[in-house]
Amino acid sequence: MTLEEIHGQQPLPAGNDWMQGAGTALHELLVSAQRRGCLTAGVYESAKLMNVDPDNVAFCVLAADQEDEGDIALQIHFTLIQAFCCENDIDIVRVNDMAKLAAIVGSSEDSGEPRDLHCILITNPNEEGWKDPALEKLNLFCEESRNVNDWVPAITLPE
């Protein structure tokens with residue numbers, strides 16, 4: 001008997017299609033959230049929001065390039081954010097391409113300041129009954145990833 005049979009869970013679908021679907025869903029979610037004003041970017045801004053209103057956070061994206069992997073302070077922030085998200089049942093993913101992420105959400109703020117994209121939160125909009133199919137796909141992806149002990153799955157954004 002396998003672990004999946006014991007828990008009644010299915011393993012992740014084989015192949016790259018599942019990962020590409022998650023990347024496309026994340027792209028759609030980021031665009032939709034930004035259009036609706038439900039996107040918070042920045043480690044500090046995200047931590048502030050999670051401290052004030054954690055129930056309003058629907059999804060978390062942590063992003064780092066190869067050179068960021070050696071940044072100890074950033075890795076400590078990521079560890080604390082991951083712990084907070086796990087404690088508050090907030091799904092979380094990692095993205096390893098800051099350039100693609102910046103192309104989707106913009107690399108600078110309205111004031112012209114460079115934007116910190118290391119942590120992005122998607123919040124629930126004020127609209128009642130708003131259901132984003134991309135968010136639902138990502139929630140399923142995260143749940144399936146947790147079933148195979150991948151608690152913070154990495155997603156590749158589409159070209």
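Along the sequence shown, the residues carry numbers beginning at 1.
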Review point. Side chains of Arg36 and Ser32: does their closest heavy-atom pair fall under 4.5 Å?
Key: yes

Check your understanding: In Å and rounded to the nearest 0.5 Å, what is the OG1 to CG distance from Thr123 to Leu39?
Key -> 8.0 Å

**Study point:** Heavy-atom pair with the smallest gap, counting every atom of Pro54 and Ile90
**Key:** O-CD1, 4.1 Å

Review point. Looking at Leu30 and Val105, what are the two nearest heavy atoms and their distance?
Key: CB-CG1, 4.1 Å

Exercise for review: Report the C-alpha distance between Cys60 and Ile120 in whole Å, list the side-chain angles of each, state the deciding distance to 0.1 Å, and finish with yes or no for side chain to side chain contact (heavy atoms under 4.5 Å, CB included).
Suggested key: CA-CA 6 Å; Cys60 179; Ile120 297 176; over 6 Å; no

Check your understanding: So how far is it from Leu80 CG to Cys119 SG, rounded to the nearest 0.5 Å?
Key -> 11.5 Å

Practice item. Could you give me the CA-CA distance, side-chain angles and deciding distance for Leu157 and Leu101, then say whether side chain to side chain contact (heavy atoms under 4.5 Å, CB included) is met? Key: CA-CA 8 Å; Leu157 292 168; Leu101 193 59; 4.1 Å; yes

Review point. Same cluster or not: are Ile72 and Val43 linked, directly or through other Ile, Leu, Val, Met, Phe, Trp or Tyr residues, by side-chain heavy atoms under 4.5 angstrom apart?
Key: no

Review point. Charged N to carboxylate O under 4.0 angstrom, Arg146 versus Asp91?
Key: yes

Exercise for review: Could you tell me the separation between the CG atom of Asn56 and the CG atom of Leu121, rounded to the nearest 0.5 Å?
Suggested key: 10.0 Å

Review point. Would you say the side chain of Met50 lies within less than 4.5 Å of the side chain of Ile81, judging by non-hydrogen atoms?
Key: yes

Check your understanding: Is there side-chain contact between Phe59 and Leu138, with at least one heavy-atom pair below 4.5 Å?
Key -> yes

Practice item. Please test Ile155 against Phe141 for side chain to side chain contact (heavy atoms under 4.5 Å, CB included), starting from the C-alpha separation and ending with a verdict. Key: CA-CA 10 Å; Ile155 290 182; Phe141 174 78; 3.8 Å; yes

Check your understanding: Any sub-3.5 Å donor-acceptor pair from Asp71's side-chain atoms to Ala73's backbone N or O?
Key -> yes

Review point. Going by heavy atoms in the side chains, are His118 and Met98 under 4.5 Å from each other?
Key: yes

Check your understanding: Transitively linked via ILVMFWY side-chain contacts under 4.5 Å: Ile122 with Ile104?
Key -> yes

Check your understanding: Counting distance only, does the side-chain N/O of Asp68 pair as donor-acceptor with the main-chain N or O of Asp65 below 3.5 Å?
Key -> yes

Point to revise | Donor-acceptor pair, side chain of Asn124 and main chain of Ala58, under 3.5 angstrom | key: no

Practice item. Compare every heavy atom of Pro158 with every heavy atom of Lys100, then report the nearest pair and how far apart it is. Key: CD-O, 4.0 Å

Revision key, fill the gap. Between the CD atom in Gln66 and the CG atom in Asn96, the distance rounded to the nearest 0.5 Å is 8.0 Å

Review point. Between Glu69 and Arg94, is the closest basic N to carboxylate O distance under 4.0 Å?
Key: yes

Check your understanding: For the residue pair Leu117 and Ala102, what are the closest heavy atoms and their distance?
Key -> CD1-CA, 3.5 Å

Point to revise | Gln82 vs Trp151 side-chain heavy atoms within contact, under 4.5 Å | key: no

**Study point:** For the student: nearest non-hydrogen atoms of Ser46 and Ala41, plus distance
**Key:** OG-C, 4.4 Å

Exercise for review: Taking side chain to side chain contact (heavy atoms under 4.5 Å, CB included) as the test, write out the residues that go with Glu136, two or more places apart.
Suggested key: Lys131

Review point. Say you draw a straight line from CD of Gln34 to CG of Leu29; how long is it, rounded to the nearest 0.5 Å?
Key: 11.5 Å

Study note, to complete from the structure: To the nearest 0.5 Å, atom OG1 of Thr79 lies from atom CD of Gln75 at 6.5 Å

**Study point:** Closest approach of Ala64 to Phe78 (non-hydrogen atoms, all atoms of both residues)
**Key:** CB-CE2, 3.9 Å

Review point. In terms of hydrophobic clustering (I, L, V, M, F, W, Y; side-chain heavy atoms under 4.5 Å; direct or indirect links), are Leu135 and Val57 co-clustered?
Key: no

Review point. Is Phe84 linked to Tyr44 within one hydrophobic cluster, defined over Ile, Leu, Val, Met, Phe, Trp and Tyr using a side-chain heavy-atom separation of less than 4.5 Å?
Key: no

